Amino acid sequence: MNQDELKQAVGRAALDYVPDNCIVGVGTGSTANCFIDALATIKGRIQGAVSSSEASVARLKSHGIPVFELNAVDHLPVYVDGADEINRQLQMIKGGGAALTREKIVAAVAEQFICIADESKLVDVLGKFPLPVEVIPMARSYVARQLVKLGGHPAYREGVITDNGNIILDVHGLQISEANKLESQINEIVGVVTNGLFAHRRADVLLLGTSKGVQTLK
Ligand SMILES: O=C(CO)[C@H](O)[C@H](O)COP(=O)(O)O
């Protein structure tokens, strides 16, 4: 199977975690898109979705899946999303698609986080993928200097404005041994909205697309 087929396989496999008549949390990116397409095949047995990005809202609506505001939803049994990297503790780096803040919010509300990923995303140590940090625009230079003090090499993601109107700094060169600590340290920098480490709120289940089939890690 090629990478697209692996993404489609995990997108379909995630349907097993969607209870009848629920509102589903939906992530962002090419793997999440495969889940949205799979979700369309069972749209008659769900109420609808909440989404972590305007791009996913558009895809959900194109399939005729009702989209709810998160503030109008008090029970979200499951959130399904991809990752840029995930380790065997199910900690992740996310935000390659610049949707990290809304992803973290929807994931916080959800009872279960189901990560769907092809096998290229599984790593022993997080940090080869540059860590995205969403930053209030006027704080960009200050935050960049603070990230250097933490040992990183931040790069401004040119031409990208998040759905929240902010910018992204991608931090290269981090060897992430204590993901919980680093997630908190970066979030404490004034001007940071959030960073793409999902260590405090890890995935509960990883559906990993491999050439031997979909493997489940919990
Ligand atoms: O965090 C994300 C978007 O902000 C995505 O989940 C992550 O970038 C993975 O994307 P893809 O499935 O396209 O590889």
Side-chain angles (χ1 to χ4, degrees), residues 1-14 17 24-39 49-60 70 78-87 90-110 112-123 126-135 155 157-172 174 176 179 183 186-187 192-210 214:
M1 279 202 273
N2 63 33
Q3 199 179 32
D4 286 344
E5 290 166 334
L6 296 179
K7 291 179 184 185
Q8 287 159 10
V10 293
R12 283 192 303 271
Y17 293 83
V24 187
V26 172
T28 299
S30 57
T31 319
N33 282 346
C34 293
F35 173 65
I36 294 172
D37 297 346
L39 200 59
V50 294
S51 168
S52 64
S53 66
E54 300 302 331
S56 291
V57 167
R59 198 174 184 101
L60 287 158
L70 184 63
V78 67
Y79 176 62
V80 179
D81 199 0
D84 298 300
E85 284 184 349
I86 184 163
N87 65 19
L90 306 193
Q91 298 169 322
M92 296 164 282
I93 287 181
K94 292 182 47 54
L100 60 156
T101 300
R102 293 190 185 193
E103 292 172 343
K104 210 174 259 196
I105 294 168
V106 183
V109 174
Q112 269 208 308
F113 186 143
I114 312 299
C115 180
I116 51 175
D118 66 82
E119 58 195 343
S120 70
K121 305 293 183 64
L122 185 64
V123 298
L126 297 171
K128 192 170 175 193
F129 190 93
L131 177 65
V133 182
E134 181 165 352
V135 177
R157 200 183 294 182
E158 292 279 352
V160 172
I161 298 292
T162 70
D163 285 347
N164 313 308
N166 299 313
I167 59 115
I168 298 286
L169 294 176
D170 290 307
V171 189
H172 299 251
L174 293 170
I176 304 176
E183 181 180 0
I186 294 176
N187 284 345
V192 167
V193 180
T194 198
N195 72 83
L197 268 174
F198 283 58
H200 290 99
R201 205 305 175 228
R202 300 178 287 172
D204 300 293
V205 176
L206 167 61
L207 299 175
L208 190 70
T210 77
V214 176

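Just follow the structure's listing: the first ligand is 1, and inside any ligand the first atom is 1. Just so we're clear, the structure is a prediction, and the values are computed from it rather than from any experiment.
- Using modelled atom types, no side-chain atom of R59 and backbone atom of D37 make a donor-acceptor pair closer than 3.5 Å.
- For the pairing with E134, the side chain to side chain donor-acceptor pair (under 3.5 Å) check across N164, T194, N195 returns one residue only, N164.
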Practice task
Show the numbers, then the answer: is there a salt bridge (Lys or Arg N to Asp or Glu O under 4.0 Å) between E183 and R201?
Solution key: CA-CA 10 Å; E183 181 180 0; R201 205 305 175 228; over 6 Å; no

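- Rounding to the nearest 0.5 Å gives a distance of 5.0 Å between CG of D163 and CD of E54.
- Sorted by chain then number, the residues whose non-hydrogen atoms approach ligand 1 to under 4.0 Å are T28, G29, S30, T31, D81, G82, A83, D84, K94, G95, G96, G97, A98, A99, E103, K121.
- Across V135 and N166, no two heavy atoms sit closer than the pair O-CB, 3.2 Å.
- In this structure, CD1 in I105 is found 10.0 Å from OH in Y79, a value given to the nearest 0.5 Å.
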